[in-house]
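Below, chains carry the letters A, B, ... as their sequence lines are ordered, and counting in each starts from 1.
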Amino acid sequence: MKRTLNIDTIKKINEQILLKGWVHSIRTHGKITFIDLRDATGLVQVVFKGALDLKQEYIIEVIGEVKKRPENMINTEIKTGTIEIKADTINILSKAKPLPFPIDGDGYEINEKHRLKYRYIDLKRERLKNNLQKRFETISLIRNTLKEKSFIEIETPILTKSTPEGARDFVVPSRNFKGLFYALPQSPQQYKQLLISAGFEKYFQIARCLRDEDPRGDRQPEFTQLDLEIAFPESQDEIMNLIEKLFIKIVKELFEDKYITKIPFPKMTYKEAMEKYKTDKPDLRKNKNDENELAFIFITDFPMFEWKKEHNKWGAMHHPFTLPQEKDIDKIKAHPGNILAYQFDLALNGFEIAGGSLRTHNVSMLEACFEVMGHSKEEIKKQFKHYFDAFEFGIPPHGGIACGLDRFFAIAFNEKSIREVIAFPKTGDNKDLMINAPDKISKEQLKELGLK
RNA sequence: GGACCCGUGGCGAAAUUGGUUAUCGUACCUCCCUGUCACGGAGGGGGCUGCCGGUUCGAGUCCGGUCGGGUCCGCCA
């Protein structure tokens with residue numbers, strides 16, 4: 001007999017069927033037992049006459065007949081509440097120990113270390129299942145929408161090279177070249193610009209990014225970005241419009257309960273935002289207690305450089321590839337602090353969810369920006385040779401954006417932490433409590449890698 | 001790198017502010033129950049109060065350290 005899904009039982013009244021799933025709960029009344037059977041599609045009540053040695057979370061198969069429930073026994077709480085399964089045979093496919101914590105509520109009250117250690121149990125929880133389902137649907141919509149607009153998704157390497165600017169890198173020792181290291185990508189930034197130079201005029205990627213910094217409620221050491229780049233943008237507005245339309249479509253099609261405070265999204269310069277709100281990611285919701293309100297705002301005209309006290313030098317406020325608004329290289333070098341960039345962020349309810357810019361495609365301008373940040377010409381040619389080479393072989397004017405999808409999901413799903421929208425997140429010190437990573441490796445492995 | 005908060009049976013909480021036998025809910029085990037859907041009822045087992053040390057006649061409670069988890073600052077091109 002072919003398996004029937006729980007949700008399809010309502011269409012098979014008086015038919016003999018086979019169900020498979022988890023024992024969600026059992027209610028025994030001596031000679032009659034009720035089982036709430038759970039599968040990916042939901043719950044259905046199974047009735048069995050006779051004794052059963054079943055426990056919660058056992059995985060079973062049930063052969064029986066679908067019966068309409070009498071009016072007074074209908075359960076409106078579940079989708080299959082108008083019927084029940086009169087079971088003839090129940091077979092145990094897998095037994096289960098009692099769970100370390102309950103899975104029926106939203107789980108917020110349970111100490112997170114328990115939930116993270118037994119994440120595969122926590123993920124049985126309906127709330128987390130829904131989060132991952134909705135996450136998938138959103139990413140599917142993004143892919144389909146961009147495909148219709150002639151974008152191509154291209155995977156870029158995970159084993160790449162450490163770069164001097166930016167966050168701390170996760171590094172991977174090379175076996176073939178002892179003493180040398182790969183770095184995991186902080187973003188596909190350089191690769192995507194080189195794809196543009198190759199003639200992929202509209203690129204995107206649902207890209208995993210890795211940064212070895214201390215996490216927060218809205219940060220993880222590895223996270224997912226919608227990374228996107230286009231050749232020949234008319235202006236940065238083209239990129240902003242594209243991403244604005246995409247988010248509006250996502251909210252309208254997938255988040256029916258949500259509404260957007262203002263369309264088109266308001267725009268404000270960095271200077272204005274800092275003066276008015278003292279932050280570059282202001283929360284412009286009219287009612288901050290309304291969890292269905294989504295207040296998007298573009299912040300534009302970021303400074304190109306900022307003074308890094310720690311390193312006692314100028315650094316890029318976003319990244320060194322951003323196009324300055326000043327064309328005169330001498331003026332840039334003379335007063336880096338005064339230079340604005342074609343750089344914009346998208347903020348949502350007080351969180352930065354995307355950063356985009358036009359990129360510099362002129363080699364001498366690029367060199368100047370690196371020089372301001374204290375890199376010698378030799379150093380630049382060494383660290384970014386591929387990049388400068390590619391530019392010298394010709395690269396169109398281009399620009400793009402990177403959206404932190406985990407943050408968007410956390411806001412869209414009303415979650416306080418992005419850990420709630422990631423299947424297997426890490427702790428505040430970047431540990432995976434479930435799989436116990438990071439961990440030691442064997443002496444043989446160390447030796448092979450030339451590390452000891 | 002820094003600041004703050006939390007840690008009590010598997011899980012979630014309580015313990016009159018230092019007082020003698022650590023309480024409750026749930027989960028678990030045994031039994032009863034043919035209409036429950038958070039089923040109900042009866043009984044039972046399970047704790048060196050994260051760990052180490054100190055103060056005290058006496059510590060779950062106070063102090064110091066340590067381990068684990070969280071929040072924030074730094075950091076996050």
Side-chain angles (χ1 to χ4, degrees), chain A residues 24-38 43-51 53 55-57 67 69-70 72-78 80-81 84 86 96-105 107-118 121-122 162-169 183 185-190 209-223 302 304-306 308-311 313-322 341 343 352 355 357 359 369-370 373 375 383-384 402 404 407 416-417 419 425-431 433:
Chain A
H24 190 68
S25 66
I26 317 162
R27 296 174 293 280
T28 307
H29 296 248
K31 294 195 179 72
I32 187 167
T33 299
F34 300 94
I35 301 158
D36 287 338
L37 186 73
R38 186 183 76 237
L43 296 176
V44 69
Q45 175 164 277
V46 174
V47 191
F48 186 77
K49 282 183 186 169
D53 188 22
K55 284 167 197 168
Q56 221 183 73
E57 293 305 304
K67 289 285 182 194
R69 294 200 200 183
N72 58 334
M73 290 177 197
I74 287 173
N75 181 357
T76 52
E77 298 292 312
I78 60 173
T80 59
E84 63 188 10
K86 207 181 138 204
K97 289 199 292 187
L99 300 184
F101 49 78
I103 55 164
D104 52 356
Y108 292 120
E109 73 286 356
I110 299 164
N111 192 319
E112 218 176 333
K113 64 183 165 190
H114 300 127
R115 295 180 50 212
L116 290 175
K117 181 173 178 190
Y118 299 99
I121 291 170
D122 201 34
S162 181
T163 49
E165 295 291 325
R168 205 173 286 123
D169 290 306
Q186 299 182 22
S187 105
Q189 182 67 30
Q190 293 184 49
C209 304
L210 300 109
R211 297 175 188 175
D212 188 8
E213 299 292 349
D214 293 344
R216 291 282 189 281
D218 65 345
R219 287 193 333 216
Q220 280 274 298
E222 51 181 310
F223 57 99
F302 277 80
M304 179 71 203
F305 304 102
E306 65 182 344
K308 305 268 186 186
K309 274 181 262 172
E310 289 227 340
H311 304 103
K313 68 181 190 79
W314 290 103
M317 189 137 181
H318 278 80
H319 57 67
F321 319 116
T322 302
Q343 166 74 45
E352 179 196 328
S357 70
R359 326 296 189 189
C369 291
F370 274 97
M373 295 184 295
H375 297 277
Q383 289 281 358
F384 292 93
R407 268 186 205 167
K416 284 205 178 77
S417 161
R419 292 187 294 273
K426 293 189 173 55
T427 63
D429 48 3
N430 291 348
K431 259 191 299 193
L433 290 180

> For atom P, what is the distance between rU23(B) and rG60(B), given to the nearest Å?
Replying inline: 13 Å

> rG19(B) and rA59(B): how far apart are their P atoms, nearest whole angstrom?
Replying inline: 11 Å

> At under 4.0 Å between heavy atoms, what does Asp212(A) touch on the DNA or RNA strands: base, sugar-phosphate, or nothing?
Replying inline: nothing

>> By the 4.0 Å heavy-atom rule, please label Gly315(A) as base, sugar-phosphate, or nothing.
In response: nothing

> Counting side-chain heavy atoms from C-beta on, which of rG69(B), rG35(B), rC76(B) comes nearest to Asp429(A)?
Replying inline: rG69(B)

> Which part of the nucleic acid does Lys416(A) contact within heavy-atom distance under 4.0 Å: base, sugar-phosphate only, or nothing?
Replying inline: nothing

> Which residues satisfy the side chain to side chain contact (heavy atoms under 4.5 Å, CB included) test with Pro70(A), sequence neighbours excluded?
Replying inline: Asn72(A), Met73(A)

> At under 4.0 Å between heavy atoms, what does Glu109(A) touch on the DNA or RNA strands: base, sugar-phosphate, or nothing?
Replying inline: sugar-phosphate

> How does protein reach along nucleotides 23-29 of chain B, written 5' to 3' as B (base within reach of a heavy atom under 4.0 Å), S (only sugar-phosphate), or - (no contact)?
Replying inline: ------S

>> Can you measure Asp218(A) atom CG to rU71(B) atom P for me and round it to whole angstrom units?
In response: 10 Å

>> Using the C1' atom as the point on both nucleotides, what is the distance between rG50(B) and rC6(B), in whole Å?
In response: 12 Å

> Can you tell me how far P of rC39(B) sits from CG of Asn75(A), to the nearest Å?
Replying inline: 11 Å

>> What's Arg69(A) touching, base or sugar-phosphate or nothing? Going by heavy atoms closer than 4.0 Å.
In response: base

> Does the salt bridge (charged side-chain N to carboxylate O under 4.0 Å, His left out) test come out yes or no for Asp36(A) and Arg27(A), once each step is laid out?
Replying inline: CA-CA 9 Å; Asp36(A) 287 338; Arg27(A) 296 174 293 280; 3.0 Å; yes

> Across all strands shown, which nucleotide pairs with rA3(B) by Watson-Crick or G-U wobble geometry, both distances under 3.5 Å?
Replying inline: rU71(B)

Please tabulate, one pair per line, each protein N/O and nucleotide N/O from nucleotides 1-9 of chain B that are separated by under 3.5 Å, including the distance.
| from | atom 1 | to | atom 2 | distance (Å) |
| --- | --- | --- | --- | --- |
| rG1(B) | O6 | Asp214(A) | OD2 | 3.2 |

Which protein N or O atoms sit under 3.5 Å from an N or O of nucleotides 41-50 of chain B?
none

> Taking the same atom, P, in rG9(B) and in rA14(B), what whole-Å distance lies between them?
Replying inline: 13 Å

Do any N or O atoms of the protein come closer than 3.5 Å to N or O atoms of nucleotides 30-33 of chain B, and which pairs are they?
| from | atom 1 | to | atom 2 | distance (Å) |
| --- | --- | --- | --- | --- |
| rC33(B) | N3 | Thr28(A) | O | 3.3 |
| rC33(B) | N3 | Gly30(A) | N | 3.3 |

> What is the nucleic acid contact for Glu352(A), judged by heavy atoms within less than 4.0 Å: base, sugar-phosphate only, or nothing?
Replying inline: nothing

> Side chains of Gln45(A) and Asn75(A): donor-acceptor distance under 3.5 Å anywhere?
Replying inline: no

>> Taking the P atom in each of rA22(B) and rC51(B), what is the distance between them to the nearest angstrom?
In response: 16 Å

>> Please name the nucleotide paired to rU26(B) by Watson-Crick or G-U wobble geometry with both distances under 3.5 Å, or report none.
In response: rG10(B)

> Is the glycosidic torsion of rU17(B) within 90° of 0, making it syn, or is it anti?
Replying inline: syn

> Sequence neighbours excluded, which residues qualify as side chain to side chain contact (heavy atoms under 4.5 Å, CB included) partners of Lys416(A)?
Replying inline: none

>> Taking rA38(B) as the reference, what is the distance to rG44(B) when you measure between their P atoms (whole Å, please)?
In response: 28 Å

> For rG47(B), which nucleotide in any strand shown is its Watson-Crick or wobble partner with both distances under 3.5 Å?
Replying inline: none

>> Can you work out whether Gln45(A) or Ser187(A) has the more 5'-proximal nearest nucleotide on RNA chain B?
In response: Gln45(A)

>> Ignoring hydrogens, what is the shortest heavy-atom contact between Lys426(A) and Gln220(A)? Give both atom names and the distance.
In response: N-OE1, 2.7 Å

